[in-house]
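Values reported hereafter were calculated over all heavy atoms of this structure, with side chains retained and with hydrogens, waters and symmetry mates removed.
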Amino acid sequence: MKSSDFEDLLNKIARIIQKRDTSFRSAIPPHERLAVTLRFLATGDSYHSLSYTFKISKQIISTIIPTVCEAIVSVLQDYIKMPKTEAEWKVISKEFNDKWNFPNCVGAFDGKHIELQAPIHSGTEYFNYKGFFSIVLFAVVDAHYNFIYASVGCQGRISDGDGCVFSHTTFRDCLRNNTMHLPPPTPLPGRTDKTPYVFVADDAFPLSKHIMKPYPGIQKKDSKERVFNYRLSRARRVSENAFGIISSVYRILQRPMLLKTRMGYAGGVGSTLSAQLLEEK
């Protein structure tokens with residue numbers, strides 16, 4: 001992170017995370033609180049390891065990190081939001097067509113399993129089909145890997161598709177109720193039949209008017225179905241690439257979190273990344 005970015009973020013949250021000095025000791029300054037949190041997110045180091053690096057007890061660090069994360073979410077929540085007008089959706093559609101050669105596409109979505117240590121007394125509640133414990137991050141991404149919607153908190157045993165993670169998001173409700181203000185159907189390039197604007201997804205999600213998924217099975221070479229699957233996969237992998245980028249920056253996502261979970265909240269249209277609060281056991 002650039003020093004200018006650090007100072008900008010610090011200025012936004014300093015008044016929220018600032019603590020008063022007492023007659024017994026001076027409070028840990030905001031810049032150290034932010035530095036500890038960013039170090040934890042960037043490396044995934046344990047609280048015990050961070051205590052040696054910053055000379056702060058792990059008990060204090062366990063209270064600093066959740067507080068600072070909440071403050072960051074509160075001040076940056078407007079940076080992740082869904083388009084609210086047809087014109088904004090059309091801008092995303094044009095970017096998908098220009099960059100990934102998939103017209104009438106307004107986003108790609110997928111789910112990512114975030115690995116964590118099995119919560120106490122949770123049984124198999126967080127145990128997923130991949131063989132480890134996790135919570136699920138559901139996200140919608142534009143053509144440039146920007147998150148425009150995210151919801152995190154579902155147990156790992158719940159799958160991504162219909163009736164599960166996707167069905168419990170406000171995104172699905174808005175899509176089904178036609179409250180997203182998507183543009184009306186328009187013809188594809190070189191065509192006359194009107195086609196609705198769609199989000200692209202993999203086989204785990206339901207096929208509907210505004211959700212496009214690939215043809216199932218293995219298609220014949222040079223067939224129209226195989227060409228379509230190739231084009232759709234090019235557009236859909238944007239979401240997977242976005243997960244890869246965020247994991248490379250925040251390496252806490254690359255190792256099991258030795259944390260316990262609390263009830264999170266689902267992000268809605270125009271809201272920030274939904275954050276499930278995490279604390280060390």
Side-chain angles (χ1 to χ4, degrees), residues 79-112 137-151 160-162 165-167 169-246 267-273:
Y79 285 84
I80 300 178
K81 56 185 179 181
M82 296 279 283
K84 296 181 179 180
T85 64
E86 293 182 6
E88 292 176 343
W89 285 115
K90 287 183 177 180
V91 170
I92 296 179
S93 176
K94 184 178 184 304
E95 292 172 348
F96 266 102
N97 191 28
D98 294 342
K99 191 173 181 65
W100 304 109
N101 304 118
F102 201 94
N104 283 28
C105 178
V106 289
F109 57 72
D110 202 356
K112 174 180 173 58
L137 166 64
F138 171 82
V140 184
V141 184
D142 68 11
H144 296 289
Y145 311 119
N146 298 313
F147 285 74
I148 59 177
Y149 177 93
S151 176
D160 299 341
D162 191 31
V165 173
F166 176 69
S167 296
T169 62
T170 55
F171 177 85
R172 196 286 300 263
D173 295 335
C174 293
L175 189 62
R176 176 169 293 183
N177 298 332
N178 296 320
T179 58
M180 283 189 177
H181 306 292
L182 292 176
T186 58
L188 298 176
R191 304 288 182 176
T192 57
D193 295 336
K194 293 184 177 181
T195 304
Y197 285 82
V198 298
F199 295 90
V200 291
D202 59 21
D203 291 329
F205 295 91
L207 179 66
S208 68
K209 178 180 178 181
H210 294 295
I211 300 177
M212 187 64 66
K213 57 189 290 186
Y215 284 98
I218 300 175
Q219 307 302 324
K220 296 181 180 179
K221 185 177 180 180
D222 298 328
S223 64
K224 293 181 180 180
E225 291 81 6
R226 185 162 183 169
V227 173
F228 173 83
N229 282 359
Y230 167 73
R231 290 296 183 185
L232 186 142
S233 296
R234 283 191 76 217
R236 185 187 60 79
R237 72 180 182 183
V238 171
S239 60
E240 296 181 359
N241 291 346
F243 289 143
I245 292 170
I246 196 173
V269 173
S271 72
T272 184
L273 174 67

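Looking at every heavy atom in both residues, T195 comes nearest to N104 through O-ND2, 2.9 Å. In this structure, P83 and E88 approach most closely via the heavy-atom pair CA-OE1, 3.2 Å. Residues H144 and D142 share a closest heavy-atom pair of N-OD1, 2.9 Å. Between Y197 and S93, the shortest heavy-atom contact is CE2-OG, 3.4 Å. Scanning both residues, L232 and P214, for their nearest heavy atoms gives CD2-CD, 3.7 Å. Across I80 and F147, no two heavy atoms sit closer than the pair CG2-O, 3.3 Å.
Residue R172 holds its CZ atom at 9.0 Å from CD1 of I211, rounded to the nearest 0.5 Å. We find the CD-CZ distance between Q219 and R226 to be 8.5 Å, quoted to the nearest 0.5 Å. Taking OH of Y145 as the start and OG of S239 as the end, the distance is 10.5 Å to the nearest 0.5 Å. With rounding to the nearest 0.5 Å, the separation of CZ in R236 from SG in C105 is 11.5 Å. Annotation: the span from N146 atom CG to I245 atom CD1 amounts to 9.0 Å, rounded to 0.5 Å. How far CD1 of I148 is from CE of M82: 5.0 Å, rounded to the nearest 0.5 Å.
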Does the side-chain contact (heavy atoms from CB on, under 4.5 Å) test come out yes or no for V238 and W100, once each step is laid out?
-> CA-CA 9 Å; V238 171; W100 304 109; 3.4 Å; yes

Residue pair V140, D110: steps toward the side-chain contact (heavy atoms from CB on, under 4.5 Å) verdict = CA-CA 7 Å; V140 184; D110 202 356; over 6 Å; no

Candidate pair F171 and Y149, rule ring-ring contact (aromatic ring centres under 6.0 Å, His included), full reasoning = CA-CA 8 Å; F171 177 85; Y149 177 93; 5.5 Å; yes

List the steps and the verdict of side-chain contact (heavy atoms from CB on, under 4.5 Å) for M212 and F205.
-> CA-CA 9 Å; M212 187 64 66; F205 295 91; over 6 Å; no

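A distance-only check finds no donor-acceptor pair linking the side chain of K213 to the backbone of V200 [under 3.5 Å]. In this structure, the side chain of D202 engages the main chain of A204 through a donor-acceptor pair within 3.5 Å. In this structure a side-chain-to-backbone donor-acceptor pair under 3.5 Å is missing from K99 to A143. Between the side chain of N229 and the backbone N or O of Y215, at least one donor-acceptor pair lies under 3.5 Å.
Ring-plane geometry between F109 and F138 is classed as tilted, the angle between the planes lying from 30 to 60 degrees on a 0 to 90 degree scale. Using bins of under 30°, 30° to 60° and over 60° for the plane-to-plane angle, the ring pair W89/F199 lands in the perpendicular bin.
Residues L188 and D193 fail the side-chain proximity criterion, which asks for heavy atoms closer than 4.5 Å. Contact check for T179 versus C174: side-chain heavy atoms found under the 4.5 Å cut-off. Taking the side chain as every heavy atom from C-beta outward, R234 and Y230 approach each other to under 4.5 Å. Looking only at side-chain heavy atoms (C-beta outward), H210 and N178 come within less than 4.5 Å of each other.
A salt bridge links K94 to D98: at least one charged side-chain nitrogen sits closer than 4.0 Å to a carboxylate oxygen.
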